[in-house]
Engineer: 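Shown below is the structure under consideration.
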Amino acid sequence: MADKKYALMKWKDGWQEVVRVESDAIDFNKYYVIERKEYFGRVVINRPEGEVPGLIVIDRAPMEISEIVMVDGGDQRKLEQASTYQEGTRLEYHYDLQRGDARLVEKIKGEIGEVLSRRGISAREILSKPALEKAKEIGSIGKAVHVVGGKKQEDLIGFIELLLEEMA
Amino acid sequence: MALKGIKWVGIDFGQCLMSPSSLRNPHMFGDIGKLLGKQEMIPVWIDRMRRLKEKYKTYSLVKEKHREEILTFVLDNDREAYEIFGQKEPELLSMAPGLLEFLIWLNGEGIRPSVVSELKKTLGPVGTDMITKFLVIKGILKHFKYFITPHGKMDLDTGEKFERYKGTSKESGTLYDELLKELGKEGIRPEQCVMIGDKRSTDIIPPKKRGFVTIQYTGHVDEGPCEHSDYYGKTFFEVKEILQGL
């Protein structure tokens with residue numbers, strides 16, 4: 001048995017790709033294609049003139065997002081589906097970004113305050129903990145206030161840390 | 001139009017009153033990874049779950065008969081992740097199209113249907129198994145009278161359990177034999193009973209052989225025409241129309 005085995009695939013247009021497979025692979029079982037309607041949201045973020053816009057791709061129930069807030073940036077929006085745009089097979093649902101006083105961050109801060117009070121610890125005490133211990137504590141606060149890191153756990157840690165600094 | 005000749009309605013659970021089309025791996029494992037702060041594991045878990053599906057052919061079979069491998073193979077024995085998987089499952093599953101409207105209408109007609117399902121685990125209190133948990137989360141428990149399984153029958157109002165169905169099965173038809181004995185005591189005849197389900201081998205052929213009216217639900221899985229199916233419905237809006245015409 002060879003140590004390394006690869007699946008080599010050739011397309012009708014001549015394109016060829018290779019993918020390493022398990023070294024105990026025997027032969028091919030089947031090939032099938034799934035066709036399914038998928039929805040992806042795209043949050044586009046303005047940056048200074050000349051800079052490429054920021055982009056967050058949303059793959060969790062994108063049509064159900066109701067609010068977005070630029071934390072430490074002041075922009076708070078409520079989302080309202082407004083129009084559609086079709087280009088070939090691609091259909092886009094466009095949303096109105098309605099400015100509003102969503103107070104989402106204040107609500108989360110209030111919930112963090114309650115958690116800290118229940119646990120008998122202050123924001124300052126958490127911020128002064130060693131990095132690993134602090135990350136663990138902050139992760140647990142995130143869980144208690146129902147906020148998770150969308151792409152990385154560091155995003156959650158950084159966000160809660162920011163709020164704790166404001167509360168300290 | 002009021003129901004005339006129908007006195008009892010049974011509905012299968014998986015791929016019938018419950019639609020798994022909204023339960024997607026990226027959503028499920030995405031939520032688990034984010035809740036545990038293990039975002040880097042999300043694509044790994046999704047890949048393993050897809051491979052497990054290839055091993056056992058369908059996700060239903062993985063979940064019904066090889067569930068422990070979701071813990072051992074997919075989640076690397078991460079019990080916390082597995083617990084969240086169990087909690088999320090009924091949340092992410094959805095009701096078949098038209099189900100709520102159908103249940104409200106049927107209850108209004110004086111019939112509270114029963115869920116008739118091949119539950120694999122022992123029957124515990126309401127909300128401890130996948131099926132009654134789903135009914136509770138979706139707010140439709142009150143529309144059902146009994147939960148009938150090969151592990152026993154449960155009164156969904158009181159939680160009282162009845163042992164007589166133990167050891168029966170839908171596929172062999174013994175579950176329907178027991179059901180007809182019970183209904184017979186209430187003066188209900190087989191032709192006054194309707195069974196709705198997607199699987200011919202468990203929901204259609206055995207009850208039809210015993211004289212039930214059968215409706216093959218094709219909204220999620222369509223097993224194709226069957227000589228034992230009296231009617232076919234793609235949604236519960238259609239199922240309602242069929243019952244109105246009986």
Side-chain angles (χ1 to χ4, degrees), chain A residues 5 7 19-42 56-65 108 115 126 131-161, chain B residues 15 19-62 73-74 78-81 83-85 87-95 97 137-138 219-222:
Chain A
K5 290 185 181 176
V19 177
R20 187 171 171 188
V21 298
E22 290 84 354
S23 56
D24 59 358
I26 300 167
D27 56 11
F28 294 110
N29 178 302
K30 65 178 171 180
Y31 173 68
Y32 64 101
V33 177
I34 298 170
E35 180 185 306
R36 179 189 277 140
K37 206 172 197 175
E38 297 280 6
Y39 296 90
F40 292 98
R42 294 185 183 187
I56 305 169
V57 176
I58 307 290
D59 56 7
R60 184 193 192 276
M63 306 210 31
E64 287 169 42
I65 292 192
I108 293 171
V115 172
I126 292 176
L132 265 178
E133 207 182 320
K134 184 166 68 178
K136 202 174 164 199
E137 185 88 49
I138 287 178
S140 135
I141 291 172
K143 201 177 239 179
V145 300
H146 307 291
V147 183
V148 299
K151 307 289 179 192
K152 296 182 217 150
Q153 187 67 356
E154 296 97 276
D155 296 348
L156 174 74
I157 309 289
F159 166 65
I160 304 262
E161 211 169 356
Chain B
Q15 289 88 42
S19 167
S21 53
S22 53
L23 178 61
R24 304 288 315 285
N25 285 325
H27 195 150
M28 166 65 95
F29 292 106
D31 280 10
I32 297 172
K34 289 170 193 175
L35 282 168
L36 293 177
K38 295 180 178 174
Q39 287 84 346
E40 73 286 356
M41 289 307 293
I42 296 167
V44 178
W45 290 336
I46 292 171
D47 174 67
R48 288 181 188 160
M49 189 66 181
R50 287 175 178 157
R51 289 166 64 183
L52 206 54
K53 182 251 174 189
E54 294 307 330
K55 182 176 177 185
Y56 296 114
K57 311 299 177 205
T58 67
Y59 283 118
S60 305
L61 274 178
V62 170
F73 175 69
V74 179
D78 184 332
R79 292 218 160 258
E80 202 179 359
E83 201 173 301
I84 297 171
F85 181 92
Q87 289 162 5
K88 283 263 154 206
E89 208 174 11
E91 278 175 39
L92 297 183
L93 294 167
S94 57
M95 290 192 280
I137 287 173
K138 302 298 174 192
H220 188 75
V221 174
D222 186 352

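Each chain gets a letter, A, B and so on, in the order its sequence line appears, and its residues count up from 1.
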Engineer: Name the member of B:R24, B:H27, B:K38 that forms the most heavy-atom pairs with chain A at distances under 4.5 Å.
Structural biologist: B:R24
Engineer: Heavy-atom distances under 4.5 Å only: say whether A:K143 touches chain B with side chain, backbone, both or neither.
Structural biologist: side chain
Engineer: With a 6.0 Å cut-off (strictly less than), is the heavy-atom count around CD of A:E64, excluding the residue itself, greater than 12?
Structural biologist: no
Engineer: If you count heavy-atom pairs within less than 4.5 Å of chain B, which of A:H146, A:E22, A:E154 leads?
Structural biologist: A:E22
Engineer: Within a 6.0 Å radius of atom NZ on A:K30, are there more than 12 heavy atoms belonging to other residues, nucleotides or ligands?
Structural biologist: yes
Engineer: Got a sec, which residues hit salt bridge (charged side-chain N to carboxylate O under 4.0 Å, His left out) with B:E83, two or more places apart in sequence or on another chain?
Structural biologist: none
Engineer: Could you list the residues that satisfy salt bridge (charged side-chain N to carboxylate O under 4.0 Å, His left out) with A:K136, not counting sequence neighbours?
Structural biologist: none
Engineer: Rounded to the nearest 0.5 Å, what's the gap from CZ on A:R36 to OG on B:S21? Could you check?
Structural biologist: 9.0 Å
Engineer: Tell me, for B:E54 versus chain A, whether the close heavy atoms (under 4.5 Å) come from the side chain, the backbone, both or neither.
Structural biologist: side chain
Engineer: Hey, is the main chain of A:K151 close enough, under 3.5 Å, to the side chain of B:Q39 for a donor-acceptor pair?
Structural biologist: no
